[in-house]
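Structure record follows, encoded as structure tokens.
Keep in mind it's a predicted model, so treat the numbers as computed, not measured.
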Amino acid sequence: NYDLGNGVYRFSRTRMYHKKSIYKFLKKVAKPVKKEKKPLTVEKPIGGEKNGGKRVVMLKKHKNYYPTQDKIKKRPAKKCFKQHTRYLRPSLTPGTVCIVLAGPHKGKRVVLLKQLETGLLLVTGPFLINACPLRRINQIYVIGTKTKIDISGVKLPKNLNDAYFRRERKKRAKKEEGDIFSTKKETYKASEQRKTDQKLVDKQLIAAIKKHPDRKMLFTYLSAMFGLRSSQYPHRLQF
């Protein structure tokens, strides 16, 4: 049964009553099972000429010593985010052409290079084809296609990690006398290190695309934006 909207369900109560066969279980009552009580004490005979009696012995004897303080239990330490296991969809392998679904580059087709330690994907356009630079993206905002590029010969710089893409948090300047609107926000500018790394990766990636049998089609495919027309549904499409 499922909600059609505004609290109205597809099947009525009577329909679900017969569908689940609830009438079979209404009059059935399980019989209570009586547990056998274990005896706490046992009578034992006392041997000897002068004794010849009986005594009551407890099966579970009380402790002779009780600690004044409870023992400190060792609890498992909480796992930090960096200790979590990273999972990756089987369709997302290095060299897969993906479609970006969110962010400033949504709709663009990018090439997956690798998965970083935080679980984020490292992708690029390449920049020369569709102006998408080296960037991190979560795999939930990506559709993996069947188109793949052999990037086994592409050597990525070792400095391409999570710390490389971390934003620089600058401290706010103290309030000074004068116009509060005089200070302008600094716009982001790519550093020289990023530009050189981008050129290095793009050069190798374009060389790998040229080796593909459908290289002409692949260049136009990567440069074209993804979009849906009327009566097109993403869950029915094959990428």
Side-chain angles (χ1 to χ4, degrees), residues 81-168 188-239:
F81 177 73
K82 61 184 178 182
Q83 295 174 325
H84 292 183
T85 52
R86 310 295 175 204
Y87 297 101
L88 191 65
R89 296 205 302 270
S91 60
L92 298 175
T93 54
T96 305
V97 177
C98 305
I99 299 166
V100 181
L101 301 176
H105 299 281
K106 62 182 175 184
K108 291 183 181 180
R109 293 177 173 90
V110 294
V111 181
L112 171 62
L113 298 175
K114 66 174 182 177
Q115 188 183 28
L116 300 170
E117 290 181 0
T118 53
L120 299 174
L121 307 178
L122 177 63
V123 297
T124 185
F127 187 79
L128 290 171
I129 296 174
N130 55 20
C132 183
L134 286 162
R135 62 188 291 111
R136 296 182 297 174
I137 191 166
N138 199 318
Q139 61 177 321
I140 62 173
Y141 302 120
V142 154
I143 295 174
T145 63
K146 292 180 181 178
T147 309
K148 296 186 186 295
I149 301 164
D150 184 18
I151 60 165
S152 56
V154 177
K155 292 182 180 179
L156 299 173
K158 292 182 179 179
N159 59 345
L160 292 178
N161 50 21
D162 291 293
Y164 180 84
F165 295 98
R166 196 169 291 153
R167 287 185 182 180
E168 292 181 3
Y188 172 76
K189 290 182 180 179
S191 61
E192 292 298 323
Q193 179 68 36
R194 284 210 177 190
K195 288 178 182 178
T196 52
D197 291 337
Q198 186 69 56
K199 286 177 183 177
L200 181 67
V201 174
D202 278 11
K203 188 178 179 181
Q204 296 179 74
L205 201 57
I206 289 168
I209 293 168
K210 285 179 179 178
K211 291 177 183 177
H212 199 274
D214 299 324
R215 53 185 174 276
K216 288 184 180 178
M217 199 72 177
L218 202 57
F219 276 109
T220 53
Y221 179 69
L222 287 169
S223 60
M225 295 284 285
F226 171 76
L228 293 172
R229 296 179 183 176
S230 61
S231 71
Q232 278 188 336
Y233 303 99
H235 61 277
R236 291 181 182 176
L237 298 175
Q238 287 186 356
F239 297 95

Are any non-hydrogen side-chain atoms of [X] and [Y] less than 4.5 angstrom apart?
{"X": "S91", "Y": "I143", "result": "no"}
{"X": "R135", "Y": "P104", "result": "yes"}
{"X": "I209", "Y": "L222", "result": "yes"}
{"X": "L228", "Y": "L237", "result": "yes"}
{"X": "V142", "Y": "V123", "result": "no"}
{"X": "K114", "Y": "L156", "result": "yes"}

- [ ] Test the R109-F219 pair against the cation-pi criterion, namely NZ or CZ under 6.0 angstrom from the six-membered ring centroid and within 45° of the ring axis.
- [x] no
TODO: Could you tell me whether R194 sits above the aromatic face of Y164, with NZ or CZ closer than 6.0 angstrom to the six-membered ring centre and within 45 degrees of the axis?
DONE: yes
Task: Taking every non-hydrogen atom, the tightest pair across C98 and G144 - done: SG-CA, 4.4 Å
Open item on the list: Please find the pair of heavy atoms, one from A131 and one from K108, that lie closest to each other, and give the distance.
Closed with: O-NZ, 3.7 Å
- [ ] Could you walk me through whether T96 and K148 pass side-chain contact (heavy atoms from CB on, under 4.5 Å), step by step?
- [x] CA-CA 4 Å; T96 305; K148 296 186 186 295; 2.9 Å; yes
- [ ] Could you tell me how the ring of Y233 sits relative to the ring of H235: parallel (under 30°), tilted (30 to 60°) or perpendicular (over 60°)?
- [x] tilted
Task: Sole residue of K203, Q204, K210 in side chain to side chain contact (heavy atoms under 4.5 Å, CB included) with I206 - done: K210
Open item on the list: Exactly one of T147, T145, V97 should register a side chain to side chain contact (heavy atoms under 4.5 Å, CB included) with F239. Which one does?
Closed with: T145
TODO: Please indicate whether Q83 has more than 12 foreign heavy atoms, meaning atoms of other residues, nucleotides or ligands, lying under 6.0 Å from its CD.
DONE: yes
TODO: Inspect the surroundings of CZ in R215 and state if more than 12 heavy atoms from other residues, nucleotides or ligands are less than 6.0 Å away.
DONE: no
Open item on the list: Checking side-chain polar atoms at under 3.5 Å, does D214 have a donor or acceptor matched by the opposite partner on Y221?
Closed with: no
- [ ] Please round to the nearest 0.5 Å and tell me the distance separating atom CG of L88 and atom OG1 of T93.
- [x] 8.5 Å
TODO: Rounded to the nearest 0.5 Å, what's the gap from CG on L205 to CD on Q198? Could you check?
DONE: 9.5 Å
- [ ] Give a yes or no answer on whether the side chain of D202 reaches the backbone of F127 with a donor-acceptor pair at less than 3.5 Å.
- [x] yes
